[in-house]
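Naming convention: chains lettered A, B, ... in sequence-line order (proteins, then strands); numbering from 1 in each chain.
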There are 2 protein chains.
Amino acid sequence: MYTIKQAALRSGVNVALLRAWERRYGVVAPIRTDSGYRLYDDEAISRLQAMRGLVDGGWSPRQAAEHVAAARPDELHALAKQSAPEDGPSTDPVAAFVEGATRIDSRAIERALDDMFASGSFERVVEERLYPALAALGDAWADGRVDVAGEHAAAAAVLRRLGMAFEAAGSASRADRPILVGLPPDARHEVAALAFATAARRAGLSVSYLGADVPAASWIEAVRLTGARAVVLGVALEQDVTAAEQVVTALGGSASEVVIAVGGRRSESVRNGAVVRLPNTLSAAVETLRATLD
Amino acid sequence: MYTIKQAALRSGVNVALLRAWERRYGVVAPIRTDSGYRLYDDEAISRLQAMRGLVDGGWSPRQAAEHVAAARPDELHALAKQSAPEDGPSTDPVAAFVEGATRIDSRAIERALDDMFASGSFERVVEERLYPALAALGDAWADGRVDVAGEHAAAAAVLRRLGMAFEAAGSASRADRPILVGLPPDARHEVAALAFATAARRAGLSVSYLGADVPAASWIEAVRLTGARAVVLGVALEQDVTAAEQVVTALGGSASEVVIAVGGRRSESVRNGAVVRLPNTLSAAVETLRATLD
DNA sequence: CTATGTCTGGACAAACATTAGACATGACAC
DNA sequence: GTGTCATGTCTAATGTTTGTCCAGACATAG
């Protein structure tokens, strides 16, 4: 329970306005102490944040209050990132994503990603929205329309979003031998690898995600420790190919019965023999891996 | 059993205030000697520490007292944000976290993190569970009990978890000039920076998170583009100090009116003058930044 | 004995909240 | 243009909360 000052700090609505919103729209109804002081709970803070977000997004306070009052508590967070009903030409989340990166506006980027991921299944959104958005971002960066900082902010937001999806996908808790997903040494482009890890989990596979820059020796140790059924290496850049090949060779030489697969934009350049090459679409890659395992 | 002075020393509450809290809220009820002196037991100290922590965290004393009075003794240490040095964190989720890293089991790591984050407010969990868990992980890695792959998997899971918290923090403040949080060039330890970014958002600040390895030129460009009110650099390792100093110098030279702050374990090594050094606890760091901005 | 610690009960100022209403600004209709 | 409405901000008068302080009496340790 928070006093009005704390509520103002946490919601970003100043004290006077907070009282005005309560008086005029009844958007919150804080309980009172014996002496009449308002006390706000966490849901009230969420409602105020949502209202603040809607008003900042161009809604009129009256309309915003109506929506906020009608929303269930679990809808409030999504509500806060909505933009005005009659938003201009930039309703395309891909364009909004690049535009947010241009302005280095984490919130706008998050809103664009929210829009994308609300529009379909994870796999489709990644293929049809996220990848094009990242391509557009790359173009904008090459043209100098987006600074490195904006690209960083966008990439960090994308990884957060994928990480949330990865966590949310965690259901198949059969303690069977996992699939290990990660990047070779010095490689740092996690997006495709994490997207694949998520899709694999969503398909019911048991996945451990190792992240970027995993040394060859650690891949071997990881396979030994976990008894992994498969290892999936992400190869996004040409410069990562050599490192990936070395990991593949090392794993092959360690004589375990693990399936070694590579995916990602530059996976075709990996020239080792005993390697499964995953196709470039998410669902097909998961299907290929599953087929190989059976 | 402690006299009132000892109790004051151990709880961080001065003698007069301690009596006032007892009189006004009945938060503790020390037994008395024959001559009427108060004698405090360990539980009383815990209650006072918990109350101190809540009040420092922005709660009104009355509300804090209600919570503390209602809490069972075993819940007290979880209530206090700044607890006494001697009460170590509960070992369960921390041990489970390290154990999951040992086995390179993403699921187990995620479960341990779930447990941690279910046990209290974000700031408290980060300080009292997550950081100790990461320290334990570092020790285990130094001892060879955990492989690099396990450390990678754990670090990736932690970043996912923090990313979710960052998104959930809502960023409901108005579209005013943001605070930029990120790491200097070549620095890659995002945990503390992302935790701070999240805490700052939760406190109602508008935060854009730029992520790891942001070049000095991009910091300047980002400040220019966003009109940022403040820049917060994370400095986790000694090797990042030089890069951070260069960023600070570059930003200072760019003549904008931005507040430059550094935080993280090695932030004390940053020797530039015009820099705000943030304390090492999350809530205190946010408070310091906010105070500097006002 | 002396210095220090503690007790009670009250007092006080500063910070914080309350209400009702006023006011400036901007959007929009006529 | 004028009028109206919505909205964010501000004021004034009043009340509450809370950290700190004081005076005088009693207790304890060296």
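- For the pair R161(A) and F117(A), the cation sits on the ring face: its NZ or CZ lies under 6.0 Å from the ring centre, inside 45° of the axis.
- When the side-chain hydrogen bond (donor to acceptor under 3.5 Å, both in side chains) test is applied to R145(A), the partners found at least two apart in sequence or on another chain are D143(A).
- Looking at residues two or more places apart in sequence or on another chain, you find a side chain to side chain contact (heavy atoms under 4.5 Å, CB included) between Q6(B) and Y2(B), T3(B), L9(B), R10(B).
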Margin query: Walk along nucleotides 22-30 of chain C from 5' to 3' and tag each nucleotide B, S or - by protein heavy-atom contact under 4.0 Å, base first, then sugar-phosphate.
Written below: ---------

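- If you find the closest nucleotide of DNA chain D to Y25(B) and to S60(A), the one lying nearer the 5' end belongs to S60(A).
- In this entry the distance linking OH of Y2(A) with P of dT17(D) reads 21 Å, nearest Å.
- At least one side-chain nitrogen or oxygen of N14(B) sits closer than 4.0 Å to the OP1 or OP2 atom of dT20(D).
- Taking five base pairs at each end of the helix from dC1(C)-dG30(D) to dC30(C)-dG1(D), the local helix axes there meet at an angle of 30°, rounded to 10°.
- Taking the salt bridge (charged side-chain N to carboxylate O under 4.0 Å, His left out) definition, one finds that R224(B) meets it with E221(B), sequence neighbours left out.
- In this entry the distance linking CG of L18(B) with P of dC21(D) reads 15 Å, nearest Å.
- The phosphate of dG19(D) (OP1 or OP2) has a side-chain N or O of W21(B) nearer than 4.0 angstrom.
- Evaluation of the salt bridge (charged side-chain N to carboxylate O under 4.0 Å, His left out) rule for E43(B) yields R47(B) as partners, not counting sequence neighbours.
- If you take CE of M1(A) and P of dT17(D), they are 15 Å apart, rounded to a whole angstrom.
- Whole-Å rounding puts the E22(B) CD to dG19(D) C1' distance at 16 Å.
- Residues satisfying the salt bridge (charged side-chain N to carboxylate O under 4.0 Å, His left out) criterion with R19(B), sequence neighbours excluded, are absent altogether.
- By the ring pair (Phe, Tyr, Trp, His ring centres under 6.0 Å) test, Y131(B) pairs with no residue at all, sequence neighbours left out.
- Within 6.0 Å of the CZ atom in R265(B), the count of heavy atoms belonging to other residues, nucleotides or ligands does not exceed 12.
- Side-chain contact between F97(A) and D115(A) is absent, with no heavy-atom pair separated by less than 4.5 Å.
- Note on R19(B): a base of the nucleic acid sits closer than 4.0 angstrom, heavy atoms only.
- Note: CG (L17(A)) to P (dT9(D)) measures 6 Å, nearest angstrom.
- In this structure, the CD atom of Q6(A) is 13 Å from the C1' atom of dA15(C), given to the nearest Å.
- Legend: residues meeting salt bridge (charged side-chain N to carboxylate O under 4.0 Å, His left out) with R266(B), ordered by chain and number and at least two apart, are E238(B).
- Taken residue by residue, residues 31-42 of chain A places heavy atoms nearer than 4.0 Å to DNA chain C at R32(A), G36(A), Y37(A), R38(A).
- Computed from coordinates, the Q63(A) CD to dA6(D) P distance equals 13 Å when rounded to whole Å.
- Counting only residues at least two apart or in different chains, side chain to side chain donor-acceptor pair (under 3.5 Å) contacts with residues 24-38 of chain A comprise E22(A)-R38(A), T33(A)-S35(A).
- Under the side-chain hydrogen bond (donor to acceptor under 3.5 Å, both in side chains) criterion, S218(B) pairs with D147(A), not counting sequence neighbours.
- Taking atom CD1 of residue I4(A) and atom P of nucleotide dT19(C), one finds them 9 Å apart after rounding to whole Å.
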